[in-house]
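See below for the structure under consideration.
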Amino acid sequence: MGWRWFHEWGSPKWFYDRAGRWQRVCGFLALALLLVGTLWGLGFAPADYQQGNSYRIIYLHVPVAFLAQALYVAMAVCAIVLFVWKMKLADVGMQALAVVGFGFTVLALFSGSIWGKPTWGTYWVWDARLTSMLILGFLYLGLIGLRSAIQNPDQAGKACAILVLVGVVNLPIIKYSVEWWSALHQPASFKLTEKPAMPASMWVPLLINLLGYYLVAAYLVLASMRTVILDRERGSAWVREVIERD
Amino acid sequence: MIEFQFDSLFNFLRMAPHGIYIWPVYGLGLLVIGGLAIWIRYQHRQAIRKIRRIMNRESIHEPKA
C-alpha cells in the first residue's frame, strides 16, 4: 500500500493530468503572494539605516538566489531517482528544472550585480559567492547544451544526471563561501533556523515573496514538465486522446 | 502598524537616490519570469501542433475500410 503513490508519480499520464491542476493553483497563489510581498517590501517596509532604499532589491534577489540553488538540489534528487529507479519522470523533471533554474540564476546574478553598485561601488567582483553563483549558471547552461547535443533521450538523461551529480559539489561552496573566505558579499540575511536580525516589517514581506517565488518556480517547472511529457509520449494513445479532447 | 514610507507617489517612484537601481531589477525580474512563462506556453502549443500534424498525416495514410 505504502508505495502506490510512488508508482503513480512514475506514470507520465497520471502526472500530466494532475500537474495541470497544480499548475493553476500555484500560478494564482504565486500572483497573490508576490503582489502583496512586493508592494509591501517596496512601499511599506522601512528604509534600511545603512543602505537606504537600495536594500529593497532584497525582496527579489534573496528569493531568486535561494531558488537557483533549491532547483539544483531538486535536479540532483531527480538524478538519483533516475539512476536508482530508472523513473522516466525524473528525467523529465531534470530537463524542466534546468531551464527554470538557469532563468533564476541569471536573475540572481543580475539583481545582485545591480545591488552591488550602490552598496559596494561596483557591479562585479571576483568574490567567492559571486563566482560560485556564476559557475552554477554555467552548470545549468551546460546541462541545457548537453541535452540538446545528444539525440538519444535515454543517453542524454544519463549524461545530464552525471553532470548534475558532479555539480552538486558547487552547492556547499556557494552556501559557505562567505564564511570560508573573506568575501565582499554579506552573510545570509535570512535563515529559516534563526530569528532574523531585521524587524518584522522588513522580513515578513521577504518571507511572503520567498513563498511566492517558490510557487512561481513550481508553476514554471510543472508547465515545462507537461510540455516535455507531451513531446516524449507523442506516440502513446493517451496523448492522442488528450489532444483530441482539447 | 505598517504605513506607506513615501510622502507622494512621485517620491515612491523616485526612491531617492536608488530608484535607478531598484526599478530595473524588478523590471528584469518581470521580463525573465514572464519570458520563461511565455516561452514554456509557446513550446507547449508547438508540441500540440506537432502531434496534431502527425495524427493528421496518419489519418490520411490510413487504409480506408
- Message: Counting neighbours of CZ on R41(B) that are heavy atoms of other residues, nucleotides or ligands and sit closer than 6.0 Å, is the number greater than 12?
- Response: no

Chain B heavy atoms under 4.5 Å from [X]: which part of the residue, side chain, backbone, both or neither?
X	answer
S113(A)	neither
F104(A)	side chain
V242(A)	neither
Y55(A)	neither
W115(A)	neither
L42(A)	both
L107(A)	side chain

Measure [X] against the heavy atoms of chain A and call it side chain, backbone, both or neither at under 4.5 Å.
X	result
I20(B)	neither
I22(B)	both
F12(B)	side chain
H44(B)	both

- Is D91(A) salt-bridged to R147(A), cutoff N-O under 4.0 Å? yes

